[in-house]
Chemist: 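First, the structure itself, so that you have it in front of you.
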Amino acid sequence: MMIHPLSRRGAPRTVTWTDRLGCAQSESEVVDVVREYLALVSPEEFASLPPACRPAKIVDGADITAYAFELVRCRNEDREVTDRIHRIAAVLSLAATRLSALLAHRGEW
């Protein structure tokens, strides 16, 4: 991801997926960030993952947390695809954590 807002010193700063998730203020914003991230993963990379580790449709926060859990489970069971799964799992786990924080902040948890 290559977004370059200016830092305080005027130099470009790359905005990461972690930054974007940290700025999300609602479930729908987290879903949007996750969808954008998954859209950048190549079809070949998804095809190389075990079927259980391929994403289903991401509609809401429940889909994100379920997929994050499945990725971590797959990562722990299949050592051959750990690097590929780890990258995707890291972003989805951050998204699930952000969703939890948003729910806790609103007092829904």
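Side chains are part of it too, since the values below use all heavy atoms of this structure and drop only hydrogens, waters and symmetry mates.
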Chemist: Just how far is it from atom SG of Cys53 to atom CD1 of Ile85, taken to the nearest 0.5 Å?
Modeler: 3.5 Å
Chemist: Check this for me: does any side-chain nitrogen of one of Arg87 and Glu45 sit under 4.0 Å from a carboxylate oxygen of the other?
Modeler: yes
Chemist: Establish whether Val31 and Leu40 are linked, either directly or via other cluster members, by ILVMFWY side-chain heavy-atom contacts under 4.5 Å.
Modeler: yes
Chemist: Let's go through Ile88 and Leu38 carefully: what are the C-alpha distance in whole Å and the side-chain angles of both, what is the deciding distance for side-chain contact (heavy atoms from CB on, under 4.5 Å) to 0.1 Å, and is it a yes or a no?
Modeler: CA-CA 8 Å; Ile88 300 168; Leu38 292 175; 4.2 Å; yes
Chemist: In Å, rounded to the nearest 0.5 Å, how long is the span from OG of Ser93 to CZ of Arg98?
Modeler: 15.5 Å
Chemist: Quick one: does Asp60's side chain have a donor or acceptor within less than 3.5 Å of a partner on Asp63's backbone?
Modeler: yes
Chemist: Of Leu21, Leu94, Thr97, which meets side chain to side chain contact (heavy atoms under 4.5 Å, CB included) against Val30?
Modeler: Leu21
Chemist: Okay, side chain of Glu27, backbone of Gly61: is any donor-acceptor separation there less than 3.5 Å?
Modeler: yes
Chemist: Give, for atom CZ of Arg54 and atom OG of Ser48, the distance between the pair rounded to the nearest 0.5 Å.
Modeler: 8.0 Å
Chemist: Any idea which heavy atoms bring Ile64 and Ala96 closest together, and the distance?
Modeler: CG2-N, 4.0 Å
Chemist: Determine, using the 4.5 Å side-chain heavy-atom cutoff (strictly less than), whether Val34 and Phe69 are members of one ILVMFWY cluster.
Modeler: no
Chemist: Quick one, Gln25 and His105 - any side-chain contact, counting heavy atoms below 4.5 Å?
Modeler: no
Chemist: Counting distance only, does the side-chain N/O of Tyr67 pair as donor-acceptor with the main-chain N or O of Ala62 below 3.5 Å?
Modeler: no
Chemist: Measure across Ala24 and Leu102 and return the closest heavy-atom pair with its distance rounded to 0.1 Å.
Modeler: O-CD2, 3.8 Å
Chemist: Inspect the contact between Glu29 and Arg20 and indicate whether a charged nitrogen and a carboxylate oxygen are less than 4.0 angstrom apart.
Modeler: no
Chemist: Should Val72 and Leu49 be counted in the same cluster of Ile, Leu, Val, Met, Phe, Trp and Tyr side chains packed under 4.5 Å apart?
Modeler: no
